[in-house]
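Throughout, numbering of the chain's residues begins at 1 and tracks the sequence.
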Amino acid sequence: MSTTPEPVKPPPQGLPRPSGSKLLRSTGTVGGFTLLSRILGLVRDVVFARLFGAAGVMDAFFVAFRIPNIFRRFFAEGSFSQAFVPVFAEYDEKGDHAAVRELVDRTAGTLGIILFGITALGVIAAPLFIAVFAPGFIAENGAEDTSRYALAVDMLRWTFPYLLFISVTALAGGILNTYQRFTAAAFSPVLLNVVLIGFAAFVAPHYARPGMALAVGVFVAGLVQLVCMLPSLVRIRLLPRPRLGFGHPGVRKILRLMLPGLFGSSVAQISILLDTLIASMLATGSISWLYYSDRLMEFPLGVFGIALATVMLPNLSRQHANGAAADFGMTLDWALRLVVLIVMPATLGLMLLAGPLLATLFYGGRFGAGDVEMATLSLMPYAAGLLGFTMVKVLAPGYFARQITATPVRIGLIALGLNMVLNIVIVVPWVLMGWAGPHAGLAAATSLCAFINAGLLYRGLRREGVITPAPGWGRFLLRVGVAAGVLVMVLVQTVPPTSAWIETDFWTRCLWLVAAVVGGGCAYFAALFAAGFRIADMRMQSGAPTL
C-alpha cells in the first residue's frame, strides 16, 4: 500500500472577504519592501549621478534600459499579470491542485517561448530599436551623438534579456500574490538595485567603457531576481515545469485577455518612452533630467500606489470569482479614499521640495547646479500628476479583476493619443521661443493625460454600477483639503530656496530635508486630526469604509 501523500492544494483557498485592516496590513507589507527597494533605488541613482552625471553615457544607458522595461510592462507587471492573476484565482477557487499546476506549467512554457523569441529579436535588431526610440542620437553627425548611438546599441544587447528574466519573475510573483504571499515578489526589486549599485561602484572602473558595466549589471540582476523567487514556489509546490500550452483553455483565456491589454496597461510607460524619443532631439542631458525627476515621482507611486494595486488585484479577482459584487465596489471605494489621504500630501510635498530633493540627493560630482535646475523643471509637473498616476493604478484592477480589458485599452489609447498631441503642442512652441527646459513640457503633458486616464476609468466603473461612492466623501475631502492647506503653509514658510541648499554642505542638506519632510508630515496629520479624522475611520464595516 502506497504511503505517498495525496497532493495538497497550497493554502490559502477561498479567502474570506478582506477587511480594511487586512488590506492595510498587506499593503503595508508590500509597501515596506517597496520602500526599501525605492530607498536603494535612490542610492543607485545617487551613485549614477555622482559617477556619470547627466551626460551622453547616461542618456544612452537610460534609453537602453527603458526599452526592455517598456516591454516588461507588457509581459510582466502590466498586461500579463492583469490577465494571469484573475484566471489563476478562478482556477484556484474552482479547481483542484492538479488543474492549478497544469495552468502554471502551460503558462510558463508558453510565456517563455514567446519571450525568448522577442528577446532574440531585440538583441539582433538593437540598432533599429535605438534608431526608432532615440532618433536624436543619430540625427547629427557630431562625435557625441555618434558615440551615444553606438553605446546605446551595445548596451541594449545586454539589457534586453532582462525582459525574459523579469517576466518569468512576474509570473512567480502573480502566483505567490494570489496566495497572499507578497514578500518574495516585493523584495525582488531590492536585488536589482543592489546589483546595479555594485556594478556601478566596483565593476565599472575596470571597463574601458564604464557605462557598459551598467548594462551587464542589468543582465545579472534579472537573473538573480528570477533565481531568488524559486524557493518560494517550491514551498507551495508550484515550481513551474514549462510546457507549451497554446491549446490549453486557461492559457488561451490569458492570451485573449492579455492581447488587447498590451497598450492599455502600459500607457504611462509608453508616454514616458515618447517623452524619451522627443527628449533625444533636445539638449544633451534632457533624457537624464527626465529620468532623475521621474525616479523621484516614482518613489511615492511605487511605495504606495503600486503596492496597493498589487494587493487589490488578487483580492478583487477572488471577490469577482465568488460573485461578491457589493464587496468588490466597496473595496474600490475604500482604496480611492486611501489614495486621496496619502497621495495628496505626497504630491504637494514633492512639488514644493523638488529643488531641495534633487540638490540633496544628486548634486555633486558630475551632477552640477545646472542639472539640479533642469531636473527641477520636470519634477514639478511630474509631481503634479502623482494623484492621477496612482488613481490609474487603483482603478485599472476594477476592470482586469473582472476579466474586462477592452474598456481600459480604449481609454488608455485615448490618453496616449492626447499625450502625443500635447507633447507637440507644448514642446514645439517652447523650443521656438527659446525658453529654457522644454523637457518640462513633456512631463506636464504626461501628468495631464494621467488625470484624463483616471477620470475616464472612474466614469466607466460608475456607469457600469461597479463602484458607488459611499456616504461621507464631501466631509472627507474637506478634512484632507484643510490639512493639505496647512502642509503648504508650513513648507512655504520654512523651506529655504534651492540656491541655499546648493551652497551648503551635504549633511546640512540632509538635516534640512529630514526636518522638512517630518515637519510637513506632522503638520498634515495633526491638522487632519484636528479636523476630525481618526485612523479608525479607515476600517471597513460590512464592506464599506466609514470615512
Side-chain angles (χ1 to χ4, degrees), residues 10 26-45 65-66 68-82 84-85 88 104 107-108 111-112 115 119 158-200 214-236 238-240 242 265-266 269 295 298-314 393:
S26 297
T27 303
T29 299
V30 178
F33 282 106
T34 306
L35 175 61
L36 175 60
S37 171
R38 296 291 167 154
I39 291 173
L40 288 173
L42 285 178
V43 174
R44 178 195 76 192
D45 292 334
F65 192 28
R66 185 158 286 165
N69 268 297
I70 293 298
F71 288 94
R72 167 188 177 179
R73 302 298 180 181
F74 298 155
F75 297 103
E77 297 93 337
S79 180
F80 171 75
S81 289
Q82 290 160 346
F84 171 74
V85 171
F88 181 75
V104 169
T107 302
L111 178 67
L115 288 170
T119 299
W158 277 101
T159 60
F160 215 105
Y162 180 73
L163 169 66
L164 174 61
F165 300 140
I166 200 61
S167 296
V168 179
T169 300
L171 168 63
I175 296 169
L176 295 169
N177 289 348
T178 302
Y179 288 116
Q180 305 293 299
R181 302 186 181 201
F182 299 103
T183 301
F187 182 74
S188 176
V190 172
L191 301 172
L192 169 67
N193 293 320
V194 169
V195 171
L196 287 182
I197 291 170
F199 269 75
L214 303 182
V216 177
V218 171
F219 180 95
V220 173
L223 186 59
V224 170
Q225 286 179 275
L226 174 58
V227 170
C228 288
M229 294 290 288
L230 302 183
S232 297
L233 292 175
V234 171
R235 281 194 289 271
I236 62 171
L238 281 178
L239 181 68
S265 65
S266 307
Q269 292 301 313
R295 287 293 298 166
E298 288 276 350
F299 189 93
L301 177 62
V303 170
F304 177 74
I306 296 176
L308 180 58
T310 299
V311 171
M312 285 183 61
L313 181 59
K393 295 293 183 184

_Atom pair CG/CD1 of L115 and I166 - distance to nearest 0.5 Å_ = 11.5 Å

*If you take all heavy atoms of G217 and L196, which pair is closest and at what distance?*
C-CD2, 3.6 Å

_As an exercise, state the distance from CG of L233 to CG of L176, rounded to the nearest 0.5 Å._
5.0 Å

*asked:* Would you compute the distance between atom OH of Y162 and atom OG1 of T119 and round it to the nearest 0.5 angstrom?
replied: 12.5 Å

*Within the side chain of N193, is there an N or O that forms a donor-acceptor pair under 3.5 Å with the backbone of S37?*
yes

*Shortest non-hydrogen contact from S167 toward L111*: O-CD2, 4.0 Å

*Taking the side chain as C-beta and beyond, is there a heavy-atom pair between I175 and I236 under 4.5 Å?*
yes

*From I197 CD1 over to L214 CG, what is the distance, rounded to the nearest 0.5 angstrom?*
11.5 Å

*Side chain to side chain, M229 and S232, heavy atoms closer than 4.5 Å*: no

*Which atom pair, heavy atoms only, marks the closest approach of A108 to P242?*
C-CB, 4.2 Å

_Show the nearest heavy-atom pair for residues G112 and L164, with the distance to one decimal._
O-CD1, 4.2 Å

*Could you tell me whether the side chain of V218 reaches within less than 4.5 Å of the side chain of F65, counting heavy atoms only?*
yes

*Would you mind reporting whether R44 and L192 have side-chain heavy atoms less than 4.5 Å apart?*
yes

*With ring centroids as reference points, do F219 and F160 lie under 6.0 angstrom apart?*
no

_Does either side chain, that of Q225 or that of S188, offer a donor lying less than 3.5 Å from an acceptor on the other one?_
yes

*What heavy-atom pair brings G41 and R295 nearest, and what distance separates the two atoms?*
CA-NH2, 3.6 Å

*Considering non-hydrogen atoms only, spot the tightest contact between L223 and F165 and give its length.*
N-CD1, 3.6 Å

